[in-house]
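Worksheet: the structure to be examined is printed underneath.
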Protein chains: 2
Amino acid sequence: MGAPSFEPVSIMLTATLPLPTIDRPRRVLPPVRAARDTARCSACAMRHLCMPQGVGTDDMPKLEALICTARTIRRGEALYRSGDPFDSLYAVRSGSMKTSMAHRDGREQVTGLRIAGEPLGLDGISEGVHVCSAVALEDSSVCIVPYAELKRLCREIGSMQERLHKLLGEQIVRESAQMMVLGSLSADERVAAFLLDVSERNAQRGYSSNEFNLRMTREDMGSYLGMTLETVSRTLSRFQKRGLIDTQGKFIRIVDFEGLRKL
Amino acid sequence: MGAPSFEPVSIMLTATLPLPTIDRPRRVLPPVRAARDTARCSACAMRHLCMPQGVGTDDMPKLEALICTARTIRRGEALYRSGDPFDSLYAVRSGSMKTSMAHRDGREQVTGLRIAGEPLGLDGISEGVHVCSAVALEDSSVCIVPYAELKRLCREIGSMQERLHKLLGEQIVRESAQMMVLGSLSADERVAAFLLDVSERNAQRGYSSNEFNLRMTREDMGSYLGMTLETVSRTLSRFQKRGLIDTQGKFIRIVDFEGLRKL
DNA sequence: CGCCCGATTGATAACGCTCAAGGCAAGTGG
DNA sequence: CCACTTGCCTTGAGCGTTATCAATCGGGCG
């Protein structure tokens with residue numbers, strides 16, 4: 001999760017966009033600075049990055065009119081918190097974020113990991129208020145897509161509507177899959193499934209599928225996978241001993257994909 | 001979950017609709033027969049059941065034009081299965097259903113329970129193919145809402161679009177909450193949370209909140225809650241001994257709401 | 001009436017949690 | 001530039017919750 005960054009409209013509206021991959025983040029990446037980048041993300045790469053299900057060139061101007069600013073978030077800072085009013089969707093442009101939900105007694109459950117190119121903020125649509133919090137795992141930047149504008153656009157452009165529905169549907173499927181992970185798999189299987197999932201999503205977004213920096217802490221991973229940080233750590237160590245992966249701290253290289261899948 | 005049934009459009013489009021409650025299903029309910037009811041569900045109760053965010057009376061004819069048939073499903077039968085092509089959303093009109101997802105090795109995870117008045121089928125939107133299966137827990141009937149028609153309508157009527165988005169967003173939130181249950185809570189807490197959730201949803205749909213028939217088997221509940229059927233059974237027995245609930249088989253009465261919440 | 005599926009309950013074992021100590025790496029201040 | 005702090009990771013030992021295996025029970029349906 002490092003180099004390439006994504007343009008807002010293209011992220012939100014394009015299904016998958018394989019980009020050239022540059023990814024060997026052995027050491028810390030240069031943090032993205034800039035306090036707040038309110039520059040308008042104009043059409044930029046969008047024209048090339050193609051709307052999938054055929055937005056005519058007639059609609060391009062409308063697309064470009066989607067007011068869409070960027071924002072940077074420092075590691076550990078929140079893009080939004082549970083309870084914040086909802087008025088925009090986001091797309092991670094660079095870096096990565098985690099989403100989490102809090103039980104009333106304070107326990108926190110990590111509900112998702114978002115790497116560059118993935119949408120964020122859908123949890124606010126139903127109630128007009130964010131139900132989850134989104135926190136940056138590293139210095140990151142996101143594109144802001146005002147929901148009201150997006151809705152209007154969706155009514156004008158069919159393929160845009162289609163795309164938004166897909167986005168929402170994908171989130172539903174992702175979460176169902178995670179329920180299956182949490183409900184049916186053993187600790188080993190959970191960790192393996194998680195690594196393979198991250199790997200695949202990296203590939204989809206044009207990063208390396210077999211090595212990456214996972215900026216979550218062991219505790220975050222544990223929370224996301226329904227286990228303790230110690231068990232995560234032990235499991236990763238065991239995987240390493242078995243020659244399934246190569247890991248030092250947050251850097252992970254998958255050595256034996258088949259081995260992981262067969263768990 | 002027994003008596004009242006819902007009209008399709010109203011279900012899909014109305015946020016919550018408190019109906020008069022008649023619910024004391026001590027014994028088996030008369031099964032809904034009729035092989036396949038293709039009668040068109042016309043505007044029926046809809047006019048009364050109010051679109052929330054103001055659909056003008058001008059739009060009523062369009063609403064009524066939403067082609068929308070009903071279908072009955074016998075206990076144990078599937079409304080759709082994982083892999084089936086997706087082309088409609090559904091709303092449970094009477095009865096109840098479970099949704100589930102299968103791991104490649106065959107293990108099945110129950111991902112949801114749907115009682116009368118709740119939507120179904122959202123899992124198919126993202127890929128045009130159902131990812132989950134939906135199986136009737138008792139003889140049930142659903143309303144069929146063709147997705148293509150619905151999409152068209154959403155582009156014409158803003159409040160309809162709003163409603164569909166809310167529906168999708170609610171599903172996302174529901175699933176996030178379930179991830180929290182599976183990831184962070186103990187067995188006791190899971191069962192308690194489940195009972196309270198079902199109770200609340202019953203209340204929202206106009207059923208009794210303190211007693212109901214839960215048509216899932218202990219195994220279904222176990223799968224949904226990430227535990228074995230034995231543990232579910234033991235937990236319910238323990239709750240009963242503690243005076244938290246009253247249970248015999250599928251019938252459940254909640255005696256001490258606060259007690260359950262405080263777990 | 002008898003069968004069978006589902007529920008209950010018990011005994012035992014295992015997986016993963018808790019508690020605890022130690023290590024490594026990066027950041028900070030003298 | 002080094003000592004100190006801090007946050008995160010790793011590893012170990014013991015225990016507890018929950019899974020597993022098994023027997024029995026009960027009710028609904030044929």
Side-chain angles (χ1 to χ4, degrees), chain A residues 25-31 74-76 98 107 109-110 135 137-139 181-192 194 213-242 245-252 263, chain B residues 25-31 33 74-76 98 107 109-110 135 137-139 181-192 194 213-241 245-252 263:
Chain A
R26 279 227 155 270
R27 288 285 155 252
V28 196
L29 303 168
R74 298 269 183 81
R75 176 195 145 105
K98 68 173 174 181
R107 272 176 291 187
Q109 170 74 25
V110 172
V135 171
L137 295 170
E138 58 194 300
D139 293 352
V181 167
L182 289 167
S184 302
L185 306 190
S186 69
D188 280 11
E189 292 170 323
R190 290 182 204 191
V191 174
F194 178 59
N213 263 316
L214 235 190
R215 311 304 271 256
M216 291 172 118
T217 64
R218 299 293 186 253
E219 185 167 17
D220 287 335
M221 290 173 63
S223 172
Y224 183 59
L225 298 176
M227 49 208 262
T228 57
L229 69 98
E230 292 96 329
T231 304
V232 172
S233 179
R234 276 186 254 268
T235 305
L236 290 175
S237 300
R238 207 158 356 97
F239 283 2
Q240 173 136 358
K241 273 185 204 118
R242 288 193 216 158
I245 64 172
D246 227 13
T247 157
Q248 44 185 19
K250 304 210 184 303
F251 177 77
I252 289 176
L263 275 183
Chain B
R26 278 228 153 271
R27 289 286 154 253
V28 196
L29 304 168
R33 284 295 141 125
R74 298 272 184 78
R75 175 194 145 105
K98 68 173 175 181
R107 271 177 292 188
Q109 170 75 23
V110 172
V135 171
L137 295 170
E138 59 196 300
D139 293 353
V181 167
L182 290 167
S184 302
L185 306 190
S186 70
D188 280 12
E189 292 170 323
R190 289 181 205 191
V191 174
F194 178 59
N213 264 315
L214 236 190
R215 311 304 270 255
M216 292 172 117
T217 64
R218 298 294 187 252
E219 185 167 16
D220 287 335
M221 291 173 61
S223 171
Y224 183 57
L225 297 176
M227 50 208 261
T228 59
L229 67 97
E230 292 97 328
T231 302
V232 172
S233 180
R234 275 187 254 270
T235 305
L236 291 174
S237 300
R238 210 160 350 99
F239 283 2
Q240 174 136 356
K241 274 184 202 118
I245 63 173
D246 227 14
T247 157
Q248 44 185 17
K250 304 210 185 303
F251 176 76
I252 288 177
L263 276 180

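In what follows, every chain begins at residue 1, and chains take the letters A, B, ... in the order their sequences are listed.
- In this structure the side chain of A:Thr247 never reaches within 4.5 angstrom of the side chain of A:Phe239, judged on heavy atoms.
- Relative to the axis of its first five pairs, the axis of the last five pairs of the helix from C:dC1-D:dG30 to C:dG30-D:dC1 sits at 40°, rounded to 10 degrees.
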Per-nucleotide protein contact along nucleotides 21-27 of chain D, 5' to 3', at a 4.0 Å heavy-atom cut-off (B base, S sugar-phosphate only, - neither), is B------
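- Close to D:dC9, at under 4.0 Å from its OP1 or OP2, lies a side-chain N or O of A:Lys250.
- Remark: A:Thr217, A:Arg218, A:Leu229 in residues 217-229 of chain A come within less than 4.0 Å of DNA chain D through at least one heavy atom.
- Considering only residues two or more places apart in sequence or on other chains, A:Ser184 meets the side chain to side chain contact (heavy atoms under 4.5 Å, CB included) condition with A:Met180, B:Gln109.
- Separating the CG atom of B:Asn213 from the C1' atom of C:dA7 is a distance of 15 Å, rounded to the nearest angstrom.
- The nearest whole Å value for the distance from the CZ atom in B:Arg215 to the P atom in C:dG6 is 14 Å.
- Within the 4.5 Å cutoff, the side chain of A:Arg238 has heavy atoms near those of the A:Asp188 side chain.
- Distance check, rounded to the nearest 0.5 Å: CZ of A:Arg218 to CZ of A:Arg234 gives 13.0 Å.
- Counting heavy atoms from C-beta outward, A:Asn213 and A:Glu138 have side chains that stay 4.5 Å or more apart.
- Atom CE of A:Met221 is separated from atom NZ of A:Lys98 by 13.0 Å, given to the nearest 0.5 angstrom.
- At the phosphate of D:dT11, OP1 or OP2 sits under 4.0 Å from a side-chain N or O atom of A:Ser237.
- One can place CD1 of B:Ile245 at 9 Å from P of C:dT8, the figure rounded to the nearest angstrom.
- Nearest-nucleotide mapping onto DNA chain C: of B:Thr231 and B:Arg75, the residue sitting toward the 5' end is B:Arg75.
- Per the geometry, CZ belonging to A:Arg190 stands 13 Å off C1' belonging to C:dC17, to the nearest Å.
- Note: CE (B:Met216) to P (C:dC5) measures 21 Å, nearest angstrom.
- Rounded to whole angstrom, the span from the CD atom of A:Gln248 across to the P atom of C:dA25 amounts to 9 Å.
- Between the side chain of B:Arg190 and the backbone N or O of B:Leu225 there is at least one donor-acceptor pair closer than 3.5 Å.
- Taking atom CG of B:Leu263 as the reference point, atom P of D:dT17 lies 14 Å away to the nearest angstrom.
- Between A:Ala187 and A:Thr231 the shortest heavy-atom distance is CB-CG2, 4.1 Å.
- Here A:Arg75 pairs with A:Asp139 under the side chain to side chain contact (heavy atoms under 4.5 Å, CB included) rule; sequence neighbours left out.
- For B:Thr217, the side chain to side chain contact (heavy atoms under 4.5 Å, CB included) partners at least two apart in sequence or on another chain are B:Glu219, B:Asp220, B:Lys250.
- A donor-acceptor pair is defined here as one N or O able to donate and one able to accept, closer than 3.5 Å; no such pair exists between the side chain of A:Ser233 and the backbone of A:Leu229.
- The nearest whole Å value for the distance from the CG atom in A:Leu185 to the C1' atom in C:dC15 is 15 Å.
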